[in-house]
Amino acid sequence: MWRDIKMMAERARGRGIRQLFGDGRAKAFSAHFDGMLFDYSKTSMDEEARAALLALAEARGLPERREAMFTGAPINETEGRAVLHTALRNLSGAPIMVDGADVMPGVRDTLTRMKSFAGAVRSGVFKGAGGAITDVVNIGIGGSHLGPEMAVRALAPYHDGPRCHFVSNVDGADIMDVLAGLDPATTLVLVASKTFTTTETMTNASTARRWMAERVTDPGAQFAALSSAEDKAAAWGIPQSRVFGFEDWVGGRYSIWGPIGLSLMIAIGADDFTAFLRGAEAMDDHFRSAPPEGNMPLMLALTGLWHHQACGYPTRAVLPYDQRLGRLPAYLQQLEMESNGKGVAIDGRLLVHGGGPIVWGEPGTNGQHAFYQLIHQGTQTVPCEFLLAAEGHEPELAHQHRLLVANCLAQSEALMLGRSLDAARAQMKARGFTGAELDRQARHRVFTGDRPSTTLLYDRLSPRRLGQIIALYEHRVFAEGVILGLNSFDQWGVELGKELASALAQVLEGPEGGEDEFGVGKDGSTRQLIKYIHSKKG
Ligand code: F6P
């Protein structure tokens with residue numbers, strides 16, 4: 001099947017995208033869900049390719065695997081766990097069984113505790129030493145940081161709670177810059193770590209506790225923990241009443257829907273947080289039950305496979321024309337690359353068709369003035385995934401929003417249509433160029449066109465929409481992973497660097513012997529780097 005699909009991609013290369021547009025292509029190559037539109041018509045996928053990709057999804061067992069995920073089967077096989085972030089947004093009341101027990105009472109109980117705590121913080125009932133909480137600092141990294149940071153920023157118009165700040169990097173500059181403007185007596189610190197062992201987070205949490213202890217007699221009273229390791233959080237000194245736990249079947253990069261989302265709930269309130277969950281839940285139902293051709297996550301996944309596996313494009317750009325989604329590319333980098341950046345299939349063999357692509361991006365229009373040059377005229381094709389809100393949250397600046405929308409639409413149009421040499425020559429001629437110089441100047445102004453893009457269009461970025469968008473991408477990653485035959489829910493690739501870093505941290509403390517002992521046992525390059533760092537100390 002893959003061979004046929006790759007041949008179709010080869011044929012499509014010679015044919016281009018513009019030529020595909022005839023009667024009804026835009027409509028036929030779009031998926032709709034709850035007022036959201038995913039238009040993938042500006043790609044080289046035709047009817048035949050789509051049918052083959054849909055058949056591939058079926059043949060790779062996507063429907064069965066999807067059902068296995070939603071019903072709590074241990075599909076994270078390398079870790080022997082279920083994958084149930086969807087349970088955190090299951091507001092339907094339906095049970096979900098793991099190992100014969102319904103997990104939903106526990107999920108509901110935690111959600112109720114989160115709502116009560118967030119409500120107390122927001123209303124001022126929960127106080128710091130200096131009175132009502134004015135600032136919340138979420139300390140976490142990876143999935144315990146990117147999700148809440150991205151979502152809090154995305155939903156800024158809905159904020160009516162304390163200010164939220166985020167610290168993730170072990171680089172002390174991060175925490176110093178965040179704490180610099182805060183009053184410890186009115187700050188709440190959320191230590192967000194699924195494992196409660198991550199070096200960066202635990203180091204920053206200790207720094208925050210010392211900072212608070214300078215002004216507050218009982219600093220522990222202004223800390224809460226968001227973690228699966230409730231015992232470790234308690235041992236660190238955070239009482240059970242302020243530990244919000246979740247099970248190991250929620251992967252770090254899929255954890256925004258539960259306790260890791262507490263900063264978001266404190267910022268926007270429980271009602272809007274529930275709307276966010278409801279949006280995701282609606283997307284879950286759609287993914288589970290919509291017919292394949294109209295199934296938005298599936299079509300997003302098939303477009304991704306078409307571009308990366310079939311056409312061979314190595315990266316994809318995520319380009320939100322929505323400034324508040326400024327952290328979405330970073331969030332998706334973890335979601336997609338930690339999930340599908342793999343080389344080994346579930347059965348332990350090498351992946352025949354590779355893993356997922358490199359994902360990168362920036363909000364528009366900023367990116368236009370930075371890297372779009374390469375997107376339009378570079379020698380590599382970069383499939384672009386545009387996201388666009390039809391309406392902004394600033395009615396008084398409607399004219400600016402019109403400009404934003406116009407720019408987004410113009411980019412996908414330009415990528416597809418390009419500009420021919422003849423058109424470029426005519427333009428240069430009109431500017432007075434002649435002869436060889438006319439030719440030379442014109443060549444620099446040619447756009448090959450036929451560069452693929454998709455557009456996800458929605459009304460405005462509300463909590464419900466954001467929930468839908470994140471769940472859409474989660475399911476896209478899952479569907480791509482299943483079709484490629486890999487496990488999207490482990491991340492063994494991050495382990496080696498962590499192990500070596502903890503050994504190196506000790507080496508950096510200083511060698512036992514003389515200069516020759518720097519980094520003994522390490523390769524020449526690493527020893528040289530260590531020696532340099534030692535020479536600059538103090
Ligand atoms: O190192 C990768 C990772 O394990 C991610 O998968 C995870 O989101 C992040 O670290 C943080 O882990 P934790 O929430 O356990 O601190």
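Atoms considered below: every heavy atom in the structure, side chains included; atoms not considered: hydrogens, waters and symmetry mates. Indexing begins at 1, ligand by ligand and atom by atom, following the structure's order.
- For ligand 1, the atoms lying closer than 4.0 Å to a non-hydrogen atom of S144 are 13 (P), 14 (O).
- Contact of the L226 side chain with the F196 side chain is not registered, since no non-hydrogen atoms from C-beta on lie closer than 4.5 Å.
- If you number the atoms of ligand 1 from 1 as listed, the ones under 4.0 Å from a heavy atom of G143 come out as 7 (C), 8 (O).
- Panel note: side chain D174, backbone V167; no donor-acceptor pair is recorded below 3.5 Å.
- With hydrogens left out, the protein atom closest to atom 15 (O) of ligand 1 is T195 OG1, 2.6 Å, a heavy atom.
- When non-hydrogen atoms are compared, ligand 1 lies under 4.0 Å from the side chain of V494 (C-beta onward) but not from its backbone.
- At a cut-off of 3.5 Å, with distance as the only test, a side-chain donor of T78 or D490 sits close to an acceptor on the other residue.
- In terms of modelled atom types and a separation under 3.5 Å, the side chain of Q222 and the main chain of P184 share a donor-acceptor contact.
- In this structure, R242 forms no cation-pi arrangement with F223, as its terminal cationic atom is not both closer than 6.0 Å to the ring centre and no more than 45° off the ring axis.
- N204 places a side-chain N or O within donor-acceptor distance of the main-chain N or O of E200, the cut-off being under 3.5 Å.
- The single protein non-hydrogen atom nearest to atom 11 (C) of ligand 1 is I141 O, 3.2 Å, given as residue, atom name and distance.
- Between E338, H145, Q491, R253, it is E338 that holds the heavy atom closest to atom 5 (C) of ligand 1.
- In terms of N/O distances under 3.5 Å, ligand 1 is approached by K498.
- Of all atoms in ligand 1, numbered sequentially from 1 with element shown, those under 4.0 Å from a heavy atom of T198 are 12 (O), 13 (P), 15 (O), 16 (O).
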